[in-house]
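Notes to accompany the following structure.
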Amino acid sequence: MILRDAVDHYVAWRRAHGARFITSARTLYQFCRSFPEHASCDAVTESEVRRFLAGTGPLTRWRANKYGALAGFYRYAISRGYAVASPLPAADEEPREPQSAPSYIYSREELLRLFGGVSISSKRGIRLDAETFHMLLLILYGAGLRTSQALHLTMKDVDLADAILTVRNTKFYKSRLVPVAPQLASALRRYAERRSDRPLPEGMASAFIANRDGTQVSKHNVDHAFKRLLEHVGIVGMTADAPRVSTP
């Protein structure tokens, strides 16, 4: 079968079984673009797969993600008779993933400096204002969410009455409920009152942590603001092993 057609079938099959399958689908279609339009699944060679996996930059975790996406596809293709064999190199031949830097644990004194410096370090923020940045940090610290999870909270995901956050599309494509402590719940209510003065471009599906125009705050702007905050309060800058706002 033609490689692109087989990938189309596989992506549709994964999504029909409840997977969002966005990143892996993007990887597979990128892989397809490495070959002629009508290339078959069995026309792909191991050397071509190795070249795709290697890419052009240094070794990162992204190589393992690409390998996983291709391995899943070829298992499916072989089971459906679209391919005879997998052209992937053996898993034990793949280079080891680079180790992640250990998490940085903030001291109580550093946390006080961080939260105390938000308003000053972000006073010139055009998109991400100090009040919104402060609320985001409180959610990350008080609810234990990842940055992306906090930024994707919508108005309807924040239950102020019962003090519960609904975090959607977590691992295994499920949602989970996160109860929050009274202090954080009070902060959420105060922010929600001010948030109500900003536009709701998508109604109750609009971002809770929002820019002045009601749009979702970007991860890039958060990272930039946090780097500026670290510099302002005198905590080590954003090097490879430096403190970070949270995992993606």
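All figures in this text were calculated on a predicted structure; none of them were measured in a lab. Sequence positions, counted from 1, serve as the residue numbers for this chain.
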### Query
Is it true that a side-chain atom of Lys156 and a backbone atom of Ala205 form a donor plus acceptor pair closer than 3.5 Å?
no
### His232 and Arg228: side chain donor to acceptor below 3.5 Å
no
### Query
Considering all heavy atoms of both residues, which atom of Leu160 and which atom of Ala192 are nearest to each other, and what is their separation?
CD1-CB, 3.6 Å
### Query
How many angstroms lie between CZ in Phe35 and SG in Cys41, if you round to the nearest 0.5 Å?
10.5 Å
### Message
Could you check whether Arg63 pairs with Glu94 (Lys NZ or Arg NE/NH1/NH2 to Asp/Glu carboxylate O, under 4.0 Å)?
### Response
yes
### Task
Quick one: closest heavy-atom pair of Arg189 and Ala161, and the distance?
NH2-O, 4.3 Å
### Task
To the nearest 0.5 Å, tell me how far Ile235 CD1 sits from Phe226 CZ.
7.0 Å
### Message
Would a single hydrophobic cluster contain both Ile22 and Val11, if residues Ile, Leu, Val, Met, Phe, Trp and Tyr are joined by side-chain heavy-atom contacts under 4.5 Å?
### Response
no
### Summary
Tested for ring-ring contact (aromatic ring centres under 6.0 Å, His included) against Trp13, the lone hit among Tyr76, Tyr82, Phe21 is Tyr76
### Task
With the side chain counted from C-beta on, respond yes when Ser107 and Glu110 share a heavy-atom pair under 4.5 Å apart, and no when they do not.
yes
### Message
With side-chain contact (heavy atoms from CB on, under 4.5 Å) as the criterion, how do Thr23 and Trp62 come out once you've worked through the C-alpha distance, each side chain's angles and the decisive distance to 0.1 Å?
### Response
CA-CA 11 Å; Thr23 302; Trp62 180 233; 3.9 Å; yes
### Task
Verify, without hydrogens or angle tests, whether Lys66 (side chain) and Phe52 (backbone) share a donor-acceptor contact under 3.5 angstrom.
yes
### Query
Does Thr147 reach the side chain of Asp223, with side-chain heavy atoms less than 4.5 Å apart?
no
### Task
Working to the nearest 0.5 Å, report the span between CG of Asn211 and OG of Ser218.
7.0 Å
### Task
Under the side-chain contact (heavy atoms from CB on, under 4.5 Å) rule, what do Val118 and Leu229 come out as? Steps first, then yes or no, please.
CA-CA 6 Å; Val118 169; Leu229 174 60; 3.9 Å; yes
## Note on the structure
Exactly one of Leu140, Ile209, Leu136 clears side-chain contact (heavy atoms from CB on, under 4.5 Å) with Val222, and that residue is Leu136
### Message
Are Met204 and Tyr191 linked, directly or through intermediate hydrophobic residues, by side-chain heavy-atom contacts shorter than 4.5 Å (ILVMFWY only)?
### Response
yes
### Query
Hey, does His152 have a side-chain heavy atom less than 4.5 Å from the side chain of Gln216?
yes
### Task
Flag the pair Val49 / Pro89 as yes when at least one side-chain heavy-atom distance between them is below 4.5 Å, and no otherwise.
yes
#### Entry: Minimum heavy-atom distance between Ala69 and Thr27, given as atom pair plus value
CB-CG2, 4.2 Å
### Task
Measure the CZ-CG distance between Arg33 and Leu28 for me, rounded to the nearest 0.5 Å.
11.0 Å
### Any donor-acceptor N/O pair, Asp8 side chain to Asp5 backbone, under 3.5 Å
no
### Crowding at CD, Glu109 (>12 non-hydrogen neighbours, <6.0 Å)
yes
#### Entry: Sidechain-backbone polar pair: Arg113 side chain, Gly234 backbone, donor-acceptor under 3.5 Å
yes
## Note on the structure
What one should report as the nearest heavy-atom pair of Val178 and Ala143 is CG1-O, 3.9 Å
### Task
Find the distance between CZ (Phe73) and NE2 (His9) and round it off to the nearest 0.5 Å.
10.0 Å
### Electrostatic pair Lys227:Glu231 at N-O distance under 4.0 angstrom
yes
### Task
Under the side-chain contact (heavy atoms from CB on, under 4.5 Å) rule, what do Leu188 and Leu138 come out as? Steps first, then yes or no, please.
CA-CA 9 Å; Leu188 288 168; Leu138 285 175; over 6 Å; no
### Flag side-chain contact, heavy atom, 4.5 Å: Ser40 against Ile2
no
### Query
Between the side chains of Thr215 and Arg198, does any donor sit under 3.5 Å from an acceptor?
no
### Message
So Tyr74 and Val44, do their side chains get closer than 4.5 Å, heavy atoms only?
### Response
yes
### Task
Could you grab the distance from atom OG1 of Thr45 to atom CZ of Arg51, nearest 0.5 Å is fine?
6.5 Å
### Task
Locate the shortest heavy-atom distance separating Gly203 from Ser206; write the atom from each residue and the value.
O-OG, 2.8 Å
### Query
So if you build clusters from Ile, Leu, Val, Met, Phe, Trp, Tyr with side-chain heavy-atom gaps below 4.5 Å, do Tyr141 and Leu112 land together?
no
### Query
Side chains of Glu193 and Ser196: is there a donor and an acceptor less than 3.5 Å apart?
no
### Query
Between the main-chain N or O of Arg190 and the side-chain N or O of Arg194, is there a donor-acceptor pair closer than 3.5 Å?
yes
### Message
Test of understanding: with side chain to side chain donor-acceptor pair (under 3.5 Å), list the residues that count as partners of Arg50, not counting sequence neighbours.
### Response
Glu46, Glu93
### Message
Can you give me the closest heavy-atom contact between Ala225 and Leu128, atom names plus distance?
### Response
CB-CD2, 3.8 Å
### Query
Where does the angle between the aromatic ring planes of Phe115 and His134 fall among parallel (under 30°), tilted (30 to 60°) and perpendicular (over 60°)?
perpendicular
#### Entry: Phe31 with Tyr29, same ILVMFWY side-chain cluster at under 4.5 Å
yes
### Message
Within the 4.5 Å heavy-atom criterion, are Leu165 and Val180 side-chain neighbours or not?
### Response
yes
### Task
Could you give me the CA-CA distance, side-chain angles and deciding distance for Tyr67 and Leu88, then say whether side-chain contact (heavy atoms from CB on, under 4.5 Å) is met?
CA-CA 8 Å; Tyr67 186 96; Leu88 272 69; 3.8 Å; yes
### Query
Do the non-hydrogen side-chain atoms of His38 and Arg4 ever get within less than 4.5 Å of each other?
no
### Message
Hydrophobic clusters here meaning ILVMFWY residues chained together by side-chain heavy-atom distances under 4.5 Å, can you tell me if Tyr106 and Ile139 are in one?
### Response
yes
